[in-house]
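Report on the structure given below.
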Amino acid sequence: PARFLSALRDLDDEERKLCLRMLCVAAILDGRVTRKERALIEQAFAMSGLAPKLGVLSSLRRSFVRGDKIPKERVLSLA
């Protein structure tokens with residue numbers, strides 16, 4: 001995690017947002033978000049000067065688990 005967080009600092013805003021979105025998507029792939037994953041998400045967003053949208057993340061996780069189609073806009077709204 002330290003290396004990931006450090007690398008985030010070197011990215012421009014759009015690259016950073018892309019990485020934050022990818023982190024969130026990766027966290028939901030197994031159908032749950034662990035405490036460690038949530039802590040990393042919170043750290044990454046805080047380091048980026050953004051507030052994590054944990055409600056959106058939870059909603060996306062539920063949709064994913066149900067097998068619902070997830071529109072691109074919902075993923076983009078994460079960061």
Take V65 and I28 through the side chain to side chain contact (heavy atoms under 4.5 Å, CB included) test and state the conclusion after the steps. CA-CA 9 Å; V65 169; I28 68 168; over 6 Å; no
Just checking, any donor-acceptor pair under 3.5 angstrom between side chains of S48 and R9?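 The criterion, which ignores hydrogens and geometry beyond distance, is not satisfied for R9 and S48.
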Report yes if the side chains of [X] and [Y] come closer than 4.5 Å at any heavy-atom pair, otherwise no.
X: I41; Y: R38; answer: no
X: F64; Y: V25; answer: no
X: V56; Y: R74; answer: no
X: V33; Y: L54; answer: no
X: R32; Y: T34; answer: yes

In one Ile/Leu/Val/Met/Phe/Trp/Tyr side-chain cluster, 4.5 Å: [X], [Y]:
X: L18; Y: L23; value: no
X: L40; Y: L11; value: yes
X: I70; Y: M22; value: no

Can you tell me how far the [atom1] atom of [X] sits from the [atom2] atom of [Y], to the nearest 0.5 Å?
X: L57; Y: R62; atom1: CG; atom2: CZ; result: 9.5 Å
X: L5; Y: Q43; atom1: CG; atom2: CD; result: 5.5 Å
X: F45; Y: L78; atom1: CZ; atom2: CG; result: 6.5 Å

Would you check if the side chain of S6 reaches a backbone N or O of A2 as a donor-acceptor pair within less than 3.5 Å?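 Not confirmed, S6 side chain does not pair with A2 backbone.
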Would you confirm whether K53, through its side chain, and A79, through its main-chain N or O, come within 3.5 Å as a donor-acceptor pair? no
Which atom of L8 lies closest to which atom of M47, heavy atoms considered: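 Closest approach of L8 to M47: CB-CE, 3.5 Å.
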Looking only at heavy atoms, the pair that brings L50 and K17 closest together is CD1-CG, 4.5 Å
How about CZ on R66, more than 12 heavy atoms from neighbouring residues, nucleotides or ligands closer than 6.0 Å, or not? yes
